[in-house]
Protein chains: 2
Amino acid sequence: MNVEKPRKRRGAGRVTLNAVARAAGVSAITVSRYFNQPEQVSPERRERIAAVVAELGYVPNLVAGGLASARGKIVGMVIPNISGPIFANTIQGFSDTLSRHGYQLLLASSYFDIEQEENAVRAFLGWSPAALVLTSHFHSEGTEKMLAEADIPVIETWDYQPEREPMQIGFSHFEVGVTAARHLLKKGYQRIAFVQNSAPGDFSALERRDGYAATVREAGREPWIFAPDADRAPFEAGKQAMDALMNASPRPDAIIFANDNLAAGGLLAGQRAGIKIPADCAVLGFGDYPFAEMLLPSLSTIKPPALEIGVLAATRVLESLGVLPSDEVQRLNLLRCQVIERESI
Amino acid sequence: MNVEKPRKRRGAGRVTLNAVARAAGVSAITVSRYFNQPEQVSPERRERIAAVVAELGYVPNLVAGGLASARGKIVGMVIPNISGPIFANTIQGFSDTLSRHGYQLLLASSYFDIEQEENAVRAFLGWSPAALVLTSHFHSEGTEKMLAEADIPVIETWDYQPEREPMQIGFSHFEVGVTAARHLLKKGYQRIAFVQNSAPGDFSALERRDGYAATVREAGREPWIFAPDADRAPFEAGKQAMDALMNASPRPDAIIFANDNLAAGGLLAGQRAGIKIPADCAVLGFGDYPFAEMLLPSLSTIKPPALEIGVLAATRVLESLGVLPSDEVQRLNLLRCQVIERESI
DNA sequence: ATTCGCGATGTTAGCGCTAACAATGCGCGT
DNA sequence: ACGCGCATTGTTAGCGCTAACATCGCGAAT
């Protein structure tokens, strides 16, 4: 006499939605609605279900939900690097805004490598995310193809190329260069130099340089661009630049550095060489890294809207998904940078 | 004559594993094995399947896989904050190590708030993650309960409390305080002060203080602890501390700051007051924040193994899951901090 | 020749949830 | 009284994948 024993036993005894439904004396779909469209459930049942959920310690299985509804409450973000002072704020703003609305963040870093980006995008798509957020607009063919087929909102951040199709949130690096140069010109500086970023592949920094160049040219002066050795770390490159520029004659009376790391190096080298900043030479950075206010003299810089980009990206995602209200989701979102004047100008 | 049309149509025409199987002339499970245990599939079929996968652009649906196998290739991490200079490296190391083995990172921040942590843990558990990584050992009751029931590897990082049950990866903050004090004593400093962190809730900083206190006492001296106002930002608190200590008589000849932000403030205030560092007074920080080498004088500090914690956490997770080999996964992992000597000592 | 073991492959039955459709009951206007 | 619309609840059929078991074929061991 064989006992017909069931052959499978996988789900490890977790409390399921069905168990809750049974205990509450309603059907499964009602419990499902309680979680997803509570306004469709009568108050009495809501209370009943809430009690059972608390009692059994039910945790909704989002995986099953995601499979059934073909769209999970999860959003992927690929960022060049997590630990840099720049992107960290964007991640923070993004993550916080999302989680406030019950969405989870899947994160991966690409290190400016489009193949790593492609791998991350592929893996993310496997989780059927509600949306994807990428950095910059330069992707591999494979990535572009997958994104086109995925049929979910895709947002590109930090870079701003209005002619591209996907939703964009960023600011104009060219404009930053213009702002920097114009700001110094207005303050009466005459010989303004620009120190380029030593890291290859940072195309945004080149746009800032171009903005600077166009502006000084417009003011009837020749651009003066110093390019440090490509193999130096930013801080060292900044020192090199300052040393070289201070040996020129005539010297520049103001220097725009492509970022705050370079500027910090410049500040230090200047000080070691006995240059008075800003009396002998003004220094302006970009990024408003946390240390900018801690240097001596404290570093004037241009602050990019890092946190805002993250928050706005999340907002646009939630709008696209109908979680937040909006008549029509804006495709282009141009933010502004801010000049932070401290002592080095 | 009614045409029996199927009633559902959800999956939006995505390429499925079944489609691949059909096109390759094998069964679905063989394709599944091709992805998960390729060594179990004969080389000929592997090739065949690979070709079809590429041709159709198949992207495995990890949600379905996760549901079927009751354990997704995804790992959750809850960290106090993403943008701080401390934890960013841990996230980076963790994320990179995981993704190298095909696991994805779910990230959330708690802002040192155990209720936010609980929410994050609940949401993460809904994705049936393969493991969870938390920061510190102080959790809400609800969190503890969920973790106990979840039956997955849980790792607590940064803090190190050997008596606790879960796997731990961190270092001893007390030991950091001891190291700092001992290092300065050995260099011949006589009157060593300690500046406490102004932020309430940073219990680790208090342990460092206690390590310092125990060590100087052991050397026959009285601990000298300065506590800045609790409502000041760290940088400002550091300034306040330096000003106060420099007005004492006799002055301390060395100061340990609870972290680099405080130390940077101290350095600046010292300089403004005409104090020669390190000749008049040495300064030692903690954290090795990125700006430490950029200050003038550059800041000597104690560098915590932030990146290593992340990498090791990921390694232990992968070992627990059998992805990486290991006879027996170590439950306790004590890492060491490193004294970085620059100019301020 | 028969058995055994083992590697490669296939069949079946869900995993836990939700979309789509169905049904029910109630108040309302005619 | 009847039909209609609306709010609430239920029924059914999967979503795409993999665990568990079943099968098949072939060489080695007996």
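What you see is a predicted model, and the numbers here were worked out from it, not measured in a lab. Note: hydrogens, waters and symmetry copies are ignored here, and every other heavy atom, side chains too, is used.
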Does V63(B) reach a base, just sugar-phosphate, or nothing at all? Heavy atoms under 4.0 Å. nothing
If only side-chain N and O atoms of S27(B) are considered, is one of them under 4.0 Å from the OP1 or OP2 phosphate oxygen of dG10(C)? yes
Less than 3.5 Å apart, any donor N or O on the side chain of Q92(A) or Y111(B) sitting next to an acceptor on the other? yes
Whole-Å distance between dT8(D) P and I49(A) CD1? 13 Å
If you take any heavy atom closer than 4.0 Å to DNA chain D, which residues from residues 98-106 of chain B end up in contact? none
Consider the side chain of A64(B), meaning its heavy atoms from C-beta on, and name the nucleotide among dT9(D), dG16(D), dT18(D) that approaches it most closely. dG16(D)
Per atom distances to the I29(B) side chain, the nearest of dG10(D), dT18(C), dT11(C) is dT11(C)
T16(B) side chain near dG16(D) phosphate (N/O to OP1/OP2, under 4.0 Å): no
Between dG10(D), dG10(C), dT18(C), spot the one nearest the side chain of S69(A), thanks. dT18(C)
T157(B): what forms a side-chain hydrogen bond (donor to acceptor under 3.5 Å, both in side chains) with it, not counting sequence neighbours? none
Side chain of T30(A) only, please: which of dT9(D), dT9(C), dT18(D) is the nearest? dT9(D)
Test applied, side chain to side chain contact (heavy atoms under 4.5 Å, CB included); reference residue, L134(B); option that passes from D159(B), I155(B), V78(B): V78(B)
Taking only Lys NZ, Arg NE, NH1 and NH2, and the carboxylate oxygens of Asp or Glu, determine whether K145(A) and E141(A) approach each other closer than 4.0 Å. no
Name the residue closer to the 5' end of DNA chain D, choosing between N61(B) and R33(B) according to the nucleotide with the nearest heavy atom. N61(B)
What does the inter-axis angle of the helix from dA1(C)-dT30(D) to dT30(C)-dA1(D) come out as, five pairs per end, nearest 10 degrees? 40°
Name all residues meeting the side-chain hydrogen bond (donor to acceptor under 3.5 Å, both in side chains) criterion together with T90(A); count only those two or more places apart in sequence or in a different chain, and write none if there are none. W158(A)
Between dC17(D) and N18(B), is there an OP1 or OP2 to side-chain N/O distance shorter than 4.0 Å? no
Among the candidates dG10(D), dT9(C), dT18(C), find the nucleotide nearest to the side-chain atoms of S42(B). dT9(C)
Tell me every residue that passes side-chain hydrogen bond (donor to acceptor under 3.5 Å, both in side chains) with N89(A), counting only those two or more places apart in sequence or in another chain. none
Rounded to whole Å, CZ of R45(B) lies from C1' of dG7(C) at a distance of 12 Å
Under the side-chain hydrogen bond (donor to acceptor under 3.5 Å, both in side chains) test, which residues partner H137(A), sequence neighbours left out? Q161(A)
dG16(C) C1' sits how many Å from W127(B) CH2, rounded? 13 Å
Can you tell me how far P of dT9(D) sits from CZ of R22(A), to the nearest Å? 19 Å
Would you call R164(B) and E144(B) a salt bridge, taking side-chain N to carboxylate O under 4.0 Å as the test? yes
For the pair made of NZ in K73(A) and C1' in dC17(C), what is the distance, rounded to whole Å? 14 Å
For residues G93(B) and T97(B), report the shortest heavy-atom separation together with the two atoms involved. O-OG1, 2.7 Å
Tell me whether the OP1 or OP2 atom of dG16(D) has a side-chain N or O from R14(B) closer than 4.0 Å. no
For Y58(A), which contact category applies under a 4.0 Å heavy-atom criterion: base, sugar-phosphate, or nothing? sugar-phosphate
For Y34(A) and dC17(C), what is the distance between atoms OH and C1' respectively, to the nearest whole Å? 17 Å
Measuring from the side chain of L67(A) (C-beta onward, heavy atoms only), which nucleotide among dC21(D), dC15(D), dT18(C) has the closest atom? dC15(D)
Taking the side chain of V26(A) as its heavy atoms from C-beta onward, which of dT18(D), dT18(C), dG10(D) lies nearest to it? dG10(D)
Closer than 4.0 angstrom, basic N to acidic O: yes or no for E44(B) and R48(B)? no
Return the value, rounded to whole Å, for the distance between atom CZ of R48(B) and atom P of dT9(C). 13 Å
Answer yes if the ring centres of Y58(B) and F35(B) are under 6.0 angstrom apart, and no otherwise. yes
What is the distance from CG of L17(A) to P of dT18(C), rounded to the nearest Å? 6 Å
